[in-house]
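Everything on this sheet refers to the single structure shown next.
For ligands, and for the atoms within them, numbers begin at 1 and follow the listed sequence. This is a predicted model, so every value here is computed, not measured.
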Amino acid sequence: MIIVMKPMSADSEVDKIIDQVEAQGLKTHLSHGEQVTIIGVVGDKSKLDVPRIESSPFVEKVVAITESYKLSNRKFHPEPTSFAVGNTSIGSDNMTIMAGPCAVETEEQLLTIAAAVKASGATILRGGAYKPRTSPYSFQGLEEEGLKYMKTAADETGLATICEVTSAHAVESAVKYVSMLQIGARNMQNFELLKEVGKAGLPVLLKRGLAATIDEWLNAAEYIISSGNPNVALCERGIRTFETATRNTLDLSAVCVLKEKSHLPVIVDPSHATGVRSLVEPLAKAGIACGADGLMIEVHNDPAHALSDGPQSLNFEQFDAVMQNIRPYISLSKRSMQ
Ligand code: PEP
Ligand code: MN
């Protein structure tokens, strides 16, 4: 349920309504727009005396929210969310480019890639230290050692960093070394892990589950936000369909649907969505055209010998070309890379 205040209501009037709601044991979330203030109400609404609230001369209307997700809902929070990540940010007018290897392999590899992606304009270095691989015999990641290399790369380049976390133990380690945590597709509905990253104090990139609906995805975001962390970005990375020409099917309509339904920033990952290097650029452009706030792209110094996701990884020249070629699309979207 949301309570829409009349335009220009004084803060003292807003506070009075909040006190009334909280006196019933319900929680409130305040959203201050340019014109209107919205009070979001979470909890057992049957306790709420709606006619009394509506009778306030400062209340415009009380609206029921039918969706199960509230804090990630645009009705609750009409202004788009943006937040800082290290020296950069996600949301607002920024087009945030995250790039780097699927997996951190060696310190030298990571430092070389960090320098290259920075030179081409990326502001967040990605690199997996805990790899959720389909086969237990595939490279599983360097774990804490890999996180240390991420920290060294951040210190050397000034780039912000993002790393996937696959367990509560990984969260505990990662918060010491990186600027942002990633929840991978396979863990989108690992609710205990979502609560952990909700308490971790770093921004979170929540990737869409392999077969998750948008509703399930926004409920997963709700777990993180309701655990205390409002700095969540959603990452469309393709979903499972009958199509086999690409690794997954990039659901571009999801980007537009999310923009309508939620205030959270949306990142498009054309690398995992397609699994095909040559498709990264066209789908990066399409993602930007659909309103994405950023891109996540896998880049490797030697894709043919990458320990994971080589076929979708770009080499440095290819990444640089993509960065040049997406610039007109970024300008058209009225954003800039900062
Ligand atoms: C990754 O980012 O390397 C990754 C494993 O992605 P996803 O969870 O989208 O498969
Ligand atoms: Mn990968």
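- One finds no salt bridge joining K16 and D11 here, because no Lys/Arg side-chain nitrogen approaches an Asp/Glu carboxylate oxygen to under 4.0 Å.
- Sorted by chain then number, the residues whose non-hydrogen atoms approach ligand 1 to under 4.0 Å are C102, R126, K131, E164, Q182, G184, A185, R186, K207, R237, H272, E298.
- Around the Mn ion (ligand 2), the protein N, O or S atoms found under 2.8 Å comprise C102 SG, H272 NE2, E298 OE2, D309 OD2.
- Listed by first and then second residue, the salt bridge (charged side-chain N to carboxylate O under 4.0 Å, His left out) pairs that reach into residues 162-189 are E144-K176, sequence neighbours excluded.
- Between D309 and R277 no salt bridge is recorded (no basic side-chain N to carboxylate O distance below 4.0 Å).
- Between K334 and D93, none of the side-chain N atoms (NZ, or NE/NH1/NH2) sits under 4.0 Å from a carboxylate O, so this pair counts as no salt bridge.
- Side-chain contact check for T37 and H32: at least one donor-acceptor pair (N or O, by modelled atom type) lies under 3.5 Å.
- Not a single salt bridge (Lys or Arg N to Asp or Glu O under 4.0 Å) links E107 to another residue, sequence neighbours left out.
- For the salt bridge (charged side-chain N to carboxylate O under 4.0 Å, His left out) criterion with D269, the lone passing option out of K207, R247, R126, R208 is K207.
- Comment: D215 does not engage K261 in a salt bridge, judged by the lack of any side-chain N to carboxylate O separation of less than 4.0 angstrom.
- Between I326 and L295, the closest side-chain pair of non-hydrogen atoms falls below 4.5 Å.
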